[in-house]
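So the structure is just underneath, and the comments pick up after that.
Every chain is numbered from 1, with letters handed out A, B, ... down the list of sequences.
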Amino acid sequence: MIVNSNSIMESNTMIWFRKGLRIHDNPALDQARRGCKHLYPVFVLDPHYLDPDQTAFSPGSARSGLNRIQFLLESLRDLDASLRRLGSRLLLLRGEPSPVVCRLLKDWKIGKLCFEFDTEPYGLARDKQVKDFASKYGIEVQSPVSHTLFNPSDIIGKNGGRPPLTYQSFIALAGRPVDPLTTMYSLLPPIGETGDHELLSVPKIEDLGYGDISQEAFSPFRGGETEALNKLDQVLEDKAWVAQFEKPKGNPSAFLKPATTVLSPYLKFGCLSTRYFYKRLDDIYTSVGKHTKPPVSLVGQLLWRDFFYTVAFGTPNFDRMKGNKICKQIPWRENEELFVAWRDGRTGFPWIDAIMIQLKKWGWIHHLARHSVACFLTRGDLFIHWEKGRDVFERLLIDSDWAINNGNWLWLSCSSFFYQYFRIYSPISFGKKYDPNGNYIRHFLPVLKDFPKEYIYEPWTAPLSVQKKANCIIGEDYPKPVVNHEIASKECKKKMGEALASPTSKINPLDQKASSSSRKKQHHNDSHEVASLKIKQRKNMK
DNA sequence: TCGTCTGTTGTGCCT
DNA sequence: AAGGCACAACAGACG
């Protein structure tokens, strides 16, 4: 703790925005604006996040698809506008965030630095550099936890130093979250001298070197706190819907009016405070009386978010199979061809492909749609590593969130939390039960739009005359299925059963040395199974 | 929390 | 008035 002896140092404060791109319920901002003469609101544009990467599989940077970059820029534009209304503005700089912030701290003679605590490994490493620098120069640092309902450290502490691994145990530890701040600002302290640092205005996506992007379909969801609060009001208007919300009952094929709130991208960037959202929901529950409960209710969804944040924070290598103590070790297979077919929406299963196209175009898909394609890629059909799928989601989703995305891939692939590996989503009947006419498929896969509904989920079974009439020949205009679901899912179940029963599924190659003989044996079985599956697939293609 | 398939039972409506 | 029919809701097997 730095003593408040140096009034010159005290007078300059920096609020460093990363997530938490909002004014409302922003503890870091609130702490920053107190008792300072000059307030410097900073955001650092990271070239790795923004600049085009030609080697990536979709338009975007090394770290993000175009839709999420767009969402971030919109959020920054909105934040800047809000700050300007309060007599301030967003100071935008470009470069690697930590060194840039350190330079600014020094050049602007900052006495106090505030930023929202970030629990992700990337954020922790980034912030450590800045904290070390600050402590070296006697700069006070405040980093309140406000991205989640609870402080993951508190929950882990209450649980004896280990993160709770079930939702119910998490709930038992959590209690009620703290109330959001309700302070309304009319004016923030002014910005001081900024010297010769180049301050940018929020770039347009065209300014980032993406050339002609008019061909890319952009997400229908706009970023920013203003948009978030408007959407929240819209969602909460229908109190009966809010009170009766049950997550598993949503319709994944609804896209004109999605079955969930689609507030996740705003939570991801902190355009919407999760504590404020919680409070608003709680008020509705109180006024309505009868309402659904966790885990299925809307509040239950916020708690799921905190659950995954907590486990992710307390689990080393949470985003990997190897070295991850809570992750089953499963001999996933390598198959680039099948993986690329999945990623690019060319599996030949219209339900799967339509979802992957919506993901690419919108940057958002329904929760159960995520389940469908994740199951298909991993334990359901292709038996490909969940990390490969995780990477695709992480890039394309506008709401992609490190803890939640990894948590759900662990869940869906039966690698952690959930192990009912024989519960496999059918790539044919699951979608059909919600959307028998196939409107969702027709919309996202227009090549199939004239297929009769009898065949639209399994177009390869349509007689050639039907294919001709629909102007879409399977194998030419739309791919044949890459696997036979009956056979592939049976193989997967067999392999999952063996993998989960095997003691090696618990052995963690980085922690414990598996005996070399058992490893060899496992590898042998693995390649044998892949070979036999390939033969079967070839047979089915005919 | 969030599977699929099949078979049974119950319901509403028609003739 | 009883039988036929379609369909929803549910239960159990499967793995």
For this session: State whether a side-chain donor-acceptor pair under 3.5 Å links Tyr49(A) with Arg68(A).
Result: yes
Exercise. Rounded to whole angstroms, how far apart are OH on Tyr419(A) and C1' on dG15(C)?
Worked result: 18 Å
Exercise. Whole Å only: how far is the CG atom of Leu303(A) from the C1' atom of dC2(B)?
Worked result: 17 Å
Exercise. What integer distance in Å separates His366(A):NE2 from dC2(B):P?
Worked result: 14 Å
Exercise. Is there a donor in the side chain of Arg390(A) and an acceptor in the side chain of Asn406(A), or the other way round, less than 3.5 Å apart?
Worked result: yes
Exercise. Can a cation-pi geometry be assigned to Arg346(A) and Tyr478(A), taking NZ or CZ under 6.0 Å from the six-membered ring centre and within 45° of the ring axis?
Worked result: no
Can you pull every protein N or O that's under 3.5 Å from an N or O on nucleotides 4-6 of chain B?
unit_1, atom_1, unit_2, atom_2, d
dT4(B), OP1, Ser426(A), N, 2.6
dT4(B), OP2, Lys433(A), NZ, 3.1
dC5(B), OP2, Ser429(A), OG, 2.9

Exercise. Between Ser219(A) and Asn67(A), do the side chains contain an N or O donor and an N or O acceptor separated by less than 3.5 Å?
Worked result: no
Exercise. Between atom CH2 in Trp304(A) and atom P in dC2(B), what is the gap in whole Å?
Worked result: 9 Å
Problem set entry | Value in whole Å for how far the P atom of dC2(B) lies from CG of Leu368(A) | 10 Å
Problem set entry | Whole-Å distance separating the CG atom of Asn251(A) from the P atom of dT1(B) | 22 Å
For this session: Answer yes when Arg222(A) and Glu227(A) have at least one side-chain N-carboxylate O distance shorter than 4.0 Å, and no when they do not.
Result: no
Problem set entry | Arg176(A)/Asp282(A) ion pair, N-O < 4.0 Å | yes
For this session: Give me the ring orientation class for Tyr440(A) and Trp351(A): parallel if the planes are under 30° apart, tilted from 30 to 60°, perpendicular past 60°.
Result: tilted
Exercise. Using a 3.5 Å cut-off on both pairing distances, which stems of three or more Watson-Crick or G-U pairs include DNA chain C?
Worked result: B:3-15 with C:2-14
Exercise. If only side-chain N and O atoms of Gln301(A) are considered, is one of them under 4.0 Å from the OP1 or OP2 phosphate oxygen of dT1(B)?
Worked result: no
Exercise. Roughly how many Å is it from NZ in Lys247(A) to P in dC2(B), rounded to a whole number?
Worked result: 13 Å
Exercise. Can the positive tip of Lys493(A) be found less than 6.0 Å from the middle of the six-membered ring of Tyr421(A), inside 45° of the ring normal?
Worked result: no
For this session: Using distance alone, with no hydrogens and no angle criterion, decide if Ser489(A) and Asp381(A) have a side-chain donor and acceptor under 3.5 Å apart.
Result: no
For this session: Measure from NE2 on His367(A) to C1' on dG3(B) and round the result to the nearest Å.
Result: 14 Å
